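First the structure, in the form of structure tokens, and then the observations on it.
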2 protein chains.
Amino acid sequence: MEKQTVTIYDVAREAGVSMATVSRVVNGNTNVKPSTREKVMKVIEALDYRPNAVARGLASKRTTTVGVIIPDITNLFFSSLAQGIDDIAKMYKYNIILTNAEEGQEENALSSVLARQVDGIVYMGHSLPENIRKELKRSRIPVVLAAMNDSKEEFSSVNIDYETAIYEVTQRLIKSGRQHVAFVAQEDYLGDNQPSRLNGYKRAIKVSDLPVEEDLIFGLNQGKYKNAYDFAEKLKNSRADAAVIINDEIAAGILNYLQDEGVNVPEDFSLVSSNDSAVVEMVRPRLTSICPPLYDIGAVAMRILTKMMDKDDDDEIDKVVTLPYKISERQSTRDI
Amino acid sequence: MEKQTVTIYDVAREAGVSMATVSRVVNGNTNVKPSTREKVMKVIEALDYRPNAVARGLASKRTTTVGVIIPDITNLFFSSLAQGIDDIAKMYKYNIILTNAEEGQEENALSSVLARQVDGIVYMGHSLPENIRKELKRSRIPVVLAAMNDSKEEFSSVNIDYETAIYEVTQRLIKSGRQHVAFVAQEDYLGDNQPSRLNGYKRAIKVSDLPVEEDLIFGLNQGKYKNAYDFAEKLKNSRADAAVIINDEIAAGILNYLQDEGVNVPEDFSLVSSNDSAVVEMVRPRLTSICPPLYDIGAVAMRILTKMMDKDDDDEIDKVVTLPYKISERQSTRDI
DNA sequence: CTGTTAGCGCCTTCAT
DNA sequence: ATGAAGGCGCTAACAG
């Protein structure tokens with residue numbers, strides 16, 4: 001079962017140079033006479049030599065690999081981020097070890113990634129549990145959070161201003177005449193870890209001199225369409241006449257349920273979603289949505305990480321970046 | 001910037017044993033006296049020692065890492081497969097290096113994964129270009145194809161019987177009275193690499209004594225919703241009164257375009273999609289679809305790979321497995 | 001510009 | 001049941 005056979009040593013021998021020289025040409029070190037460089041290149045070609053990244057990683061203490069933790073790869077929100085991450089990683093010649101970390105599995109995912117001696121980590125999640133925060137710090141490698149805030153500001157992160165975005169759409173819903181705007185999110189967004197969205201919602205309610213109705217704040221344990229469709233009955237039976245929803249699949253599920261039950265959207269009920277994934281265009285009426293630049297968030301996160309991995313001092317690096325967002329008004333709202 | 005500090009050597013010294021012994025307990029080797037095992041464990045705990053997977057990989061020639069090539073991580077079809085792969089990989093303690101390989105980037109993706117000395121590869125794609133096939137063989141490591149056929153049967157693969165599935169839905173469409181069933185797929189499925197779906201379509205047409213109309217076979221260069229929505233005008237202007245579509249997002253785009261243009265589905269036009277992702281339930285009318293067990297395909301693929309990586313002889317291993325599929329009749333077809 | 005020499009952290013015979 | 005010793009393939013000073 002021997003796989004890789006030709007090593008740097010074989011190339012050296014065949015080319016009549018030392019392995020150091022081969023190493024130099026492979027790594028693009030300039031201190032090599034053009035003629036010998038060429039000679040070595042030829043041998044590399046002939047032998048079809050491919051450097052062993054594992055050995056290289058051990059010797060150099062750099063694996064040019066970054067770990068990416070993703071809560072759900074089948075969620076368009078996260079996979080869009082991942083695509084941005086991946087593209088930039090490629091651009092800078094980093095490989096990605098991507099692990100799907102389901103709820104509660106984050107720590108395992110993280111430590112197995114850390115064991116692989118990754119040079120940095122991009123962490124995505126609904127929240128940042130204390131144990132993860134600790135592991136992340138302990139690792140002493142660069143970390144950037146994508147599409148999540150770090151309330152303690154210990155880590156770099158890239159986001160849109162979720163609080164303001166939610167504030168804004170909630171406000172607009174109220175101004176359009178809605179009296180009972182509900183807030184629907186996965187449970188994680190209701191806790192202390194990622195308070196920004198909920199805060200934005202509450203602030204908008206308060207500023208309009210409306211009461212924050214706690215029974216109009218709903219937490220789902222999953223972000224899946226069917227789950228949301230089943231949940232929607234509760235929303236229908238509540239006083240709500242509008243909802244701000246944190247996840248497109250949930251929004252789609254709610255929208256379809258309401259309509260299947262004879263509720264007119266947007267006449268009787270307004271819906272605003274948050275991610276502007278393809279889903280918002282697929283349903284009818286199309287969903288009004290906040291539009292975070294998902295791909296860019298991932299891309300910028302990775303870009304920052306590359307900077308951190310290159311330099312030793314993180315000082316001149318933007319630690320916390322906030323990207324602009326838009327709001328697309330579509331047919332699930334009226335006059336907002 | 002030193003990160004990992006405590007090595008197996010530190011543990012050995014601290015525990016008063018040799019590093020060989022520490023290695024044994026870390027690797028679960030049975031030949032260790034329980035008392036010393038415990039002593040070592042304690043030190044490991046105390047020092048918070050974590051084995052360096054890179055060093056381990058170099059020394060043992062096994063990285064317990066598998067490379068996964070995915071054409072588009074934001075495509076629900078592939079990300080569902082990936083989830084199955086990832087779950088099983090975790091179960092068998094393998095890590096995954098996942099690389100998004102856009103059209104034409106497959107070879108780079110593959111070779112960077114290979115350089116990482118992965119123990120095996122799961123390859124997903126729309127097709128299997130010759131250069132990739134060559135690279136894959138050259139690597140001499142276990143490979144399994146997920147959700148794609150290998151016409152030359154050189155590699156293991158797990159699939160449903162796409163040809164029969166497409167044959168069946170096409171047949172049913174015809175029996176329901178449709179005279180001009182179109183076939184819509186990404187271009188890759190129109191070539192020689194993955195002929196099964198198109199073959200199933202053509203066979204069904206022929207067996208019904210209908211002519212295969214080449215201008216009713218459409219190839220898109222992308223599988224995205226908007227792309228499909230824009231394309232759909234062509235379909236509408238053709239003779240087609242039904243379509244078998246290879247990708248749910250494309251199907252959704254076509255469905256919405258047709259309806260936005262006043263075509264009644266399913267009265268005037270029938271649509272069948274192929275992947276049964278969440279999308280088919282989100283649109284109205286819901287899409288009739290072939291239901292391949294995507295998660296399972298990924299899971300089985302990974303399971304086979306683990307077997308291949310464990311044994312040296314692949315002989316007793318199922319090389320080509322075909323999983324059963326279903327067909328869900330929903331509202332985009334009538335009486336099929 | 002090029003070669004020599006140490007390791008990187010761990011696994012793995014081979015002895016004991 | 002345990003220890004000693006030799007690499008795995010490559011990088012990184014350090015000489016020259």
Side-chain angles (χ1 to χ4, degrees), chain A residues 1-41 43-44 47-65 93 114-119, chain B residues 1-41 43-44 47-65 93 112 114-119 141:
Chain A
M1 203 63 158
E2 13 64 79
K3 19 192 185 185
Q4 170 102 16
T5 359
V6 17
T7 78
I8 199 173
Y9 183 75
D10 300 321
V11 177
R13 189 172 23 69
E14 202 71 15
V17 298
S18 75
M19 39 187 297
T21 301
V22 178
S23 175
R24 287 190 186 98
V25 349
V26 167
N27 292 298
N29 188 313
T30 47
N31 284 20
V32 184
K33 201 202 304 178
S35 68
T36 67
R37 168 186 303 282
E38 221 168 310
K39 184 173 55 180
V40 172
M41 293 284 248
V43 177
I44 288 179
L47 268 50
D48 198 14
Y49 163 72
R50 324 276 186 104
N52 178 326
V54 173
R56 202 195 292 231
L58 184 60
S60 69
K61 307 256 200 186
R62 290 191 71 236
T63 55
T64 56
T65 300
K93 310 278 187 207
L114 255 16
R116 247 84 200 183
Q117 312 301 114
V118 293
D119 295 337
Chain B
M1 202 64 157
E2 14 63 81
K3 20 191 184 185
Q4 169 104 16
T5 358
V6 17
T7 77
I8 200 172
Y9 184 76
D10 299 321
V11 177
R13 189 172 24 69
E14 202 71 17
V17 298
S18 74
M19 40 185 298
T21 301
V22 178
S23 175
R24 287 190 187 97
V25 349
V26 167
N27 291 298
N29 189 312
T30 47
N31 284 21
V32 184
K33 203 202 302 175
S35 68
T36 68
R37 168 186 302 281
E38 221 169 309
K39 184 173 56 180
V40 172
M41 293 284 247
V43 177
I44 288 178
L47 267 50
D48 198 14
Y49 164 71
R50 323 276 186 104
N52 179 327
V54 174
R56 201 193 288 230
L58 184 58
S60 69
K61 305 255 198 187
R62 290 192 71 235
T63 55
T64 56
T65 300
K93 311 279 187 205
S112 89
L114 254 18
R116 249 84 199 182
Q117 311 301 114
V118 294
D119 295 337
I141 61 176

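Every chain is numbered from 1 and lettered A, B, ... according to where its sequence line falls, protein lines coming before strand lines. Quick note: numbers below take in every heavy atom, side chains included, and nothing from hydrogens, waters or symmetry partners. Note that the coordinates shown come from a computational prediction; the quantities given were computed from them, not determined experimentally.
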So [X], base contact, sugar-phosphate only, or nothing? Heavy-atom distance under 4.0 Å.
{"X": "A:Val17", "value": "sugar-phosphate"}
{"X": "B:Ser23", "value": "base"}
{"X": "B:Val22", "value": "nothing"}

OP1 or OP2 of [N] less than 4.0 angstrom from a side-chain nitrogen or oxygen of [X], does that happen here?
{"X": "A:Lys61", "N": "C:dG9", "answer": "yes"}
{"X": "A:Thr7", "N": "D:dG9", "answer": "no"}
{"X": "B:Arg56", "N": "C:dC11", "answer": "yes"}
{"X": "B:Asn27", "N": "C:dC11", "answer": "yes"}
{"X": "B:Ser18", "N": "D:dA4", "answer": "no"}

B:Asp119 to B:Lys61 - nearest heavy-atom pair and separation: OD1-O, 4.3 Å
What's the shortest heavy-atom distance between A:Met19 and A:Ala12, and which atoms? N-CB, 3.6 Å
Within the structure provided, determine whether [X] and [Y] are in side-chain contact (heavy-atom separation under 4.5 Å).
{"X": "B:Val25", "Y": "B:Ile44", "result": "yes"}
{"X": "B:Glu14", "Y": "B:Val6", "result": "no"}
{"X": "B:Val40", "Y": "B:Val17", "result": "yes"}

Grab the [atom1]-[atom2] distance between [X] and [N] for me, whole Å please.
{"X": "A:Leu47", "N": "D:dG9", "atom1": "CG", "atom2": "P", "answer": "14 Å"}
{"X": "B:Met19", "N": "D:dC8", "atom1": "CE", "atom2": "P", "answer": "16 Å"}
{"X": "A:Asn31", "N": "D:dA13", "atom1": "CG", "atom2": "P", "answer": "14 Å"}
{"X": "A:Arg13", "N": "C:dT2", "atom1": "CZ", "atom2": "P", "answer": "19 Å"}
{"X": "A:Asp119", "N": "D:dT11", "atom1": "CG", "atom2": "C1'", "answer": "15 Å"}
{"X": "A:Tyr49", "N": "D:dG9", "atom1": "OH", "atom2": "P", "answer": "10 Å"}
{"X": "A:Lys33", "N": "C:dG3", "atom1": "NZ", "atom2": "P", "answer": "10 Å"}
{"X": "A:Ile8", "N": "D:dG7", "atom1": "CD1", "atom2": "P", "answer": "18 Å"}

[X] has a side chain; which of [options] sits nearest to it?
{"X": "B:Asn52", "options": "D:dG3, C:dG3, C:dG9", "result": "C:dG9"}
{"X": "B:Leu58", "options": "D:dC8, C:dC10, C:dG3", "result": "D:dC8"}
{"X": "A:Ala55", "options": "D:dA4, C:dC11, D:dC10", "result": "D:dC10"}

Taking donor-acceptor contacts at under 3.5 Å, does the side chain of A:Arg24 reach the base of C:dG3? yes
Residue closer to the 5' end of DNA chain D, B:Ser60 versus B:Thr36 (nearest nucleotide): B:Thr36
Residues A:Thr64 and B:Arg116: side-chain donor-acceptor under 3.5 angstrom: yes
